[in-house]
Amino acid sequence: MLNSSKVLNDEGVQLLMQGKADAAIRKYFDAIAADPNNATAHNNLGFALASKGHHADAIVEYDCALALQTDYGTAHLNRGLSLLALTRPGDAVDAFAAAIECDRTNIWAWEALADTFQHGGHPTEAVRAWRMVVRLDPRHLVAWQRLAALLIQESTLDEADAALRSAESLASDNVTNHVLMGKLFLARQDFGLATRTFRRALMSDPDHAAARHALACTYLARGDREASRVELEHVLRLHPDHHLARVDLGVLALAAGNHDAAVTQLGLIPDSVPEYGKAMYYLAMAHREA
């Protein structure tokens, strides 16, 4: 029966690789029926259930796998991903940490941990995790970029510069690299280099919202409100749901004394986005000054 369970599990893997999740799930159930102690089959059943969005059921299977094999790093990692899907980031962090405890070189767990910290507003912890990702894989372009973005945000500019040099060594003409380098120059208040770098990014991709928004911020930092306004309006023509650009345009209108335009722009920000608080602050100011 043990050999039969392994064969059934392997057949399930092949079916899932072919995109046949329902058939794979049936195979995994058969594998578990043949050997309830098959931790791999429990984990794979969880993964297949998760692929169909059944994350709560998936976690039950990951827990079964881990009850049978506590040091099953892949099951810890998969469990963390399902916990994230269920909007339980704190529990997901614990699961990713458990996966790393099983294998310190598990780059997928480090990357998931870094991403969770970054999106959860924990930049210091995210930086530590991204550092480990690039240590494990020095050719991971996106990890270098994510690390550089956080370091710029945290004003750790020399290390950000080094991270960007590593990213550029992997992709010399990458738009994201150009945008991040421009943001580094902007953080150093080198407005001329920042402007040229953002323009270089826009030569590669004229519709790149982040580059155009950053260019608008650079113009504003240089005191050129009109150029900033033009770029912000360009961003919104391309991406009407770029809420930060809309808030910035509203604040720019408020600074120019155009209260009606400020109210119009700021009033369009939905209450479900992070920019809402800032928009309401300036909207109240616009009403007071009108």
Side-chain angles (χ1 to χ4, degrees), residues 9 12-13 16-17 21-22 24-29 31-32 35-137 140 142-151 153-154 243 270-277:
N9 175 74
V13 171
L16 194 60
M17 290 175 63
D22 290 329
I25 287 169
R26 289 193 292 272
K27 286 290 182 182
Y28 293 138
F29 272 122
I32 292 166
D35 177 13
N37 294 324
N38 187 336
T40 302
H42 280 290
N43 173 71
N44 290 347
L45 174 56
F47 188 82
L49 289 167
S51 75
K52 293 180 66 64
H54 305 310
H55 291 286
D57 293 333
I59 288 171
V60 172
E61 294 304 323
Y62 298 140
D63 286 343
C64 289
L66 291 165
L68 294 166
Q69 185 180 334
T70 57
D71 63 347
Y72 196 163
T74 301
H76 283 298
L77 172 59
N78 289 339
R79 185 172 181 274
L81 295 171
S82 281
L83 287 165
L84 267 188
L86 294 173
T87 62
R88 294 169 57 186
D91 293 331
V93 165
D94 292 340
F96 298 143
I100 291 166
E101 188 69 23
C102 296
D103 178 7
R104 296 285 298 176
T105 66
N106 187 337
I107 191 170
W108 304 110
W110 279 109
E111 190 167 353
L113 185 63
D115 191 63
T116 304
F117 278 139
Q118 189 164 356
H119 283 102
H122 302 285
T124 301
E125 293 84 353
V127 164
R128 292 193 191 109
W130 283 121
R131 283 176 181 146
M132 192 64 187
V133 173
V134 296
R135 191 177 306 159
L136 291 169
D137 181 7
H140 195 318
V142 172
W144 282 116
Q145 292 171 336
R146 298 285 295 277
L147 175 59
L150 277 168
L151 291 166
Q153 176 185 316
E154 294 300 291
H243 303 300
D271 61 8
S272 58
V273 301
E275 295 83 4
Y276 180 73

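If you're wondering where the values come from, they're calculated on a predicted model, not measured in any experiment.
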For a quick check under 3.5 Å, do [X] and [Y] share a side-chain donor-acceptor pair by atom type?
X: Asn44; Y: Asn9; value: yes
X: Glu111; Y: Trp130; value: no
X: His119; Y: Asp115; value: yes

Quick one: CG on Asn106 to CG on Leu77, what's the gap to the nearest 0.5 Å?
5.5 Å
Output all residues satisfying side-chain contact (heavy atoms from CB on, under 4.5 Å) with Thr70, sequence neighbours left out; order by chain, then residue number.
none
Short side-chain to backbone donor-acceptor contact, Tyr62 and Phe47, under 3.5 Å:
yes
As a quick check of understanding, evaluate side chain to side chain contact (heavy atoms under 4.5 Å, CB included) for Met132 and Leu136, giving each step before the final call.
CA-CA 6 Å; Met132 192 64 187; Leu136 291 169; 4.3 Å; yes
From CA spacing to verdict: side chain to side chain contact (heavy atoms under 4.5 Å, CB included), Arg131, Val133
CA-CA 5 Å; Arg131 283 176 181 146; Val133 173; over 6 Å; no
What residue pairs, at least two apart or across chains, pass side chain to side chain donor-acceptor pair (under 3.5 Å) with a residue in residues 91-102?
Arg88-Asp91
Could you go through the side chain to side chain contact (heavy atoms under 4.5 Å, CB included) check for Ile59 and Leu86 one step at a time?
CA-CA 10 Å; Ile59 288 171; Leu86 294 173; 3.6 Å; yes
With side chain to side chain contact (heavy atoms under 4.5 Å, CB included) as the test, would you mind laying out the steps for Lys52 and Asp22 before giving the verdict?
CA-CA 9 Å; Lys52 293 180 66 64; Asp22 290 329; 2.9 Å; yes
Is there a side-chain contact between Trp108 and Thr74, using heavy atoms and a 4.5 Å cut-off?
no
If you define the side chain from C-beta out and look only at heavy atoms, does anything of His140 sit under 4.5 Å from Val142?
yes
Could you give all pairs that pass the salt bridge (Lys or Arg N to Asp or Glu O under 4.0 Å) test and reach residues 59-87, with sequence neighbours left out?
Asp63-Arg79
